[in-house]
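Here is the structure we will look at, set down as structure tokens.
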Amino acid sequence: MSRHVAIVTDSTAYLPQRTMERHGITAVPLTVVVGGQALEEGTEISTRSLAVALQKRRPVTTSRPSPELFAETYRKAAEAGATGIVSLHLSAELSGTYDAAVVAAREAPVPVRVVDTGMIAMALGFCALTAAETAGAGGSVDEAVTAAEKRAAATSAYFYVDTLDYLRRGGRIGAAQALLGSALAVKPLLQLDGGRIEPLEKVRTASRAIARLEELVAERAGGAPVDIAVHHLSAPERASALAERLRARVPALAELHVSEVGAVIGAHTGPGLLGAVVSHR
């Protein structure tokens, strides 16, 4: 049997369904719990429903996939002919998803390499795409992992949020930092740093914060070939406008993705999120 490396990620990669199908990528869903009801991200809860729940201040939490769900995914990949699996996931600093995958990998019928990318959203998605392209070209498990890790090292993610309150509620940012932002009435810019969501800058108005987000992305992109993703939650006009400005401003832009984040990220950032991922090829 010819060598076949399967690529698995999770629902927080927010890859378009057509893209996953084209590259043979499988996404294991995380869970959003709204008012005690567990709902699967991507199929059982929409971002619109999430936004309404947050605005009504209903209890919203998130949960990792179970090891059993990962085990089933790995088994199906093996049954479909995979002789090895690369399983790429959001930062272990933000979720127990990586740990659940590691548990399942121990009993998988074929070798599984589980990777903590330290990323989230399309920062994770670009890693999964790179691994899939490497595997599709006949690369081994080790080669696909190396390619994904190299892509992660060349990827940065920046976020604007209207308030730090949702991140504070979910324990993704310190209460002192959230209170400071509220007291100063500033609009926070955040970044992924060491797999964690960390404050980057504080700006006085939303318009200035978004302009600064654009500057950061353009500076990080430079003149080298780069892919960019613009994410939002309940802010499609903001996202489209930012994407068009970046299209005009980044000279070596290869691919530009614009999408609304799913319920897991949305639960921790709240409506109004605007994010940008810069990934060098």
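Nothing fancy with the numbering, it's 1 onward along the sequence. For the numbers below, each heavy atom of this structure counts, side chains included, while hydrogens, waters and symmetry mates do not.
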Starting from [Y], can I reach [X] by hopping between I/L/V/M/F/W/Y residues whose side chains sit under 4.5 Å apart?
{"X": "Val250", "Y": "Val230", "answer": "yes"}
{"X": "Val264", "Y": "Val33", "answer": "no"}
{"X": "Val8", "Y": "Val5", "answer": "no"}
{"X": "Leu216", "Y": "Val226", "answer": "yes"}
{"X": "Val110", "Y": "Tyr74", "answer": "yes"}

Would you give the length of the straight line joining atom [atom1] of [X] to atom [atom2] of [Y], rounded to the nearest 0.5 angstrom?
{"X": "Leu50", "Y": "Glu260", "atom1": "CG", "atom2": "CD", "answer": "9.5 Å"}
{"X": "Arg245", "Y": "Leu213", "atom1": "CZ", "atom2": "CG", "answer": "9.0 Å"}
{"X": "Ile228", "Y": "Leu246", "atom1": "CD1", "atom2": "CG", "answer": "5.0 Å"}
{"X": "Leu189", "Y": "Leu200", "atom1": "CG", "atom2": "CG", "answer": "6.0 Å"}
{"X": "Thr155", "Y": "Leu192", "atom1": "OG1", "atom2": "CG", "answer": "10.0 Å"}
{"X": "Tyr160", "Y": "Arg208", "atom1": "OH", "atom2": "CZ", "answer": "13.0 Å"}

Practice prompt. Inspect the surroundings of CD in Glu215 and state if more than 12 heavy atoms from other residues, nucleotides or ligands are less than 6.0 Å away.
Written response: yes
Item to complete: Determine whether more than 12 heavy atoms belonging to other residues, nucleotides or ligands lie under 6.0 Å from atom CZ of Arg249.
Response: yes
Exam field: side chain [X] to backbone [Y], donor-acceptor pair closer than 3.5 Å:
{"X": "Glu41", "Y": "Ala263", "value": "yes"}
{"X": "Glu214", "Y": "Ala211", "value": "no"}
{"X": "His231", "Y": "Met122", "value": "yes"}

Assess the side chains of [X] and [Y]: does a donor N or O sit below 3.5 Å from an acceptor N or O?
{"X": "Ser63", "Y": "Thr31", "result": "no"}
{"X": "Glu201", "Y": "Tyr158", "result": "no"}
{"X": "His89", "Y": "Thr9", "result": "no"}
{"X": "Arg64", "Y": "Thr97", "result": "no"}
{"X": "Thr62", "Y": "His268", "result": "yes"}
{"X": "Tyr98", "Y": "Ser91", "result": "no"}

Taking C-beta and beyond as the side chain, do [X] and [Y] meet within less than 4.5 Å on heavy atoms?
{"X": "Ile265", "Y": "Phe159", "answer": "no"}
{"X": "Ile7", "Y": "Leu88", "answer": "yes"}
{"X": "His280", "Y": "Pro225", "answer": "no"}

For the student: nearest non-hydrogen atoms of [X] and [Y], plus distance:
{"X": "Ala77", "Y": "Ala6", "value": "CB-CB, 4.0 Å"}
{"X": "Met119", "Y": "Ala152", "value": "CE-O, 3.8 Å"}
{"X": "Ala104", "Y": "Pro67", "value": "CB-O, 3.3 Å"}
{"X": "Glu44", "Y": "Ala38", "value": "OE1-O, 4.1 Å"}
{"X": "Ala209", "Y": "Lys187", "value": "CB-CB, 4.0 Å"}
{"X": "Leu94", "Y": "Gly195", "value": "CG-O, 3.5 Å"}

Worksheet, complete the sentence: The single option from Thr146, Asp227, Thr134, Thr117 that satisfies side chain to side chain donor-acceptor pair (under 3.5 Å) with Arg151 is Asp227
Under 3.5 Å, which donor-acceptor pairs do the side chains of residues 232-244 form with other protein atoms, sequence neighbours left out?
{"from": "His232", "atom 1": "ND1", "to": "Ala235", "atom 2": "N", "distance (Å)": "3.1"}
{"from": "Arg238", "atom 1": "NH1", "to": "Gly272", "atom 2": "O", "distance (Å)": "3.1"}
{"from": "Ser240", "atom 1": "OG", "to": "Pro236", "atom 2": "O", "distance (Å)": "3.1"}

Discussion item. Leu124 vs Thr12, test: side-chain contact (heavy atoms from CB on, under 4.5 Å). Steps then yes/no.
Written reply: CA-CA 8 Å; Leu124 168 59; Thr12 68; 3.7 Å; yes
Worksheet item: side-chain contact (heavy atoms from CB on, under 4.5 Å) between Val32 and Val34: does it pass, once the steps are laid out?
Response: CA-CA 6 Å; Val32 180; Val34 180; 3.9 Å; yes
Worksheet entry | Trace of the side-chain contact (heavy atoms from CB on, under 4.5 Å) decision for Ser156 with Gln191 | CA-CA 8 Å; Ser156 301; Gln191 67 175 341; over 6 Å; no
Worksheet entry | salt bridge (charged side-chain N to carboxylate O under 4.0 Å, His left out) contacts in which one or both residues fall within residues 110-135, not counting sequence neighbours | Arg113-Asp142
Practice prompt. Assess whether side-chain contact (heavy atoms from CB on, under 4.5 Å) is satisfied between Glu72 and Leu69, documenting all intermediate values.
Written response: CA-CA 5 Å; Glu72 180 183 0; Leu69 184 54; 4.0 Å; yes
What pairs of donor and acceptor atoms, side-chain ones from residues 15-29 against any protein atom, are under 3.5 angstrom apart with sequence neighbours left out?
{"from": "Gln17", "atom 1": "NE2", "to": "Glu21", "atom 2": "OE2", "distance (Å)": "3.3"}

Worksheet item: Salt bridge between Arg212 and Glu219, side-chain N to carboxylate O under 4.0 Å?
Response: yes
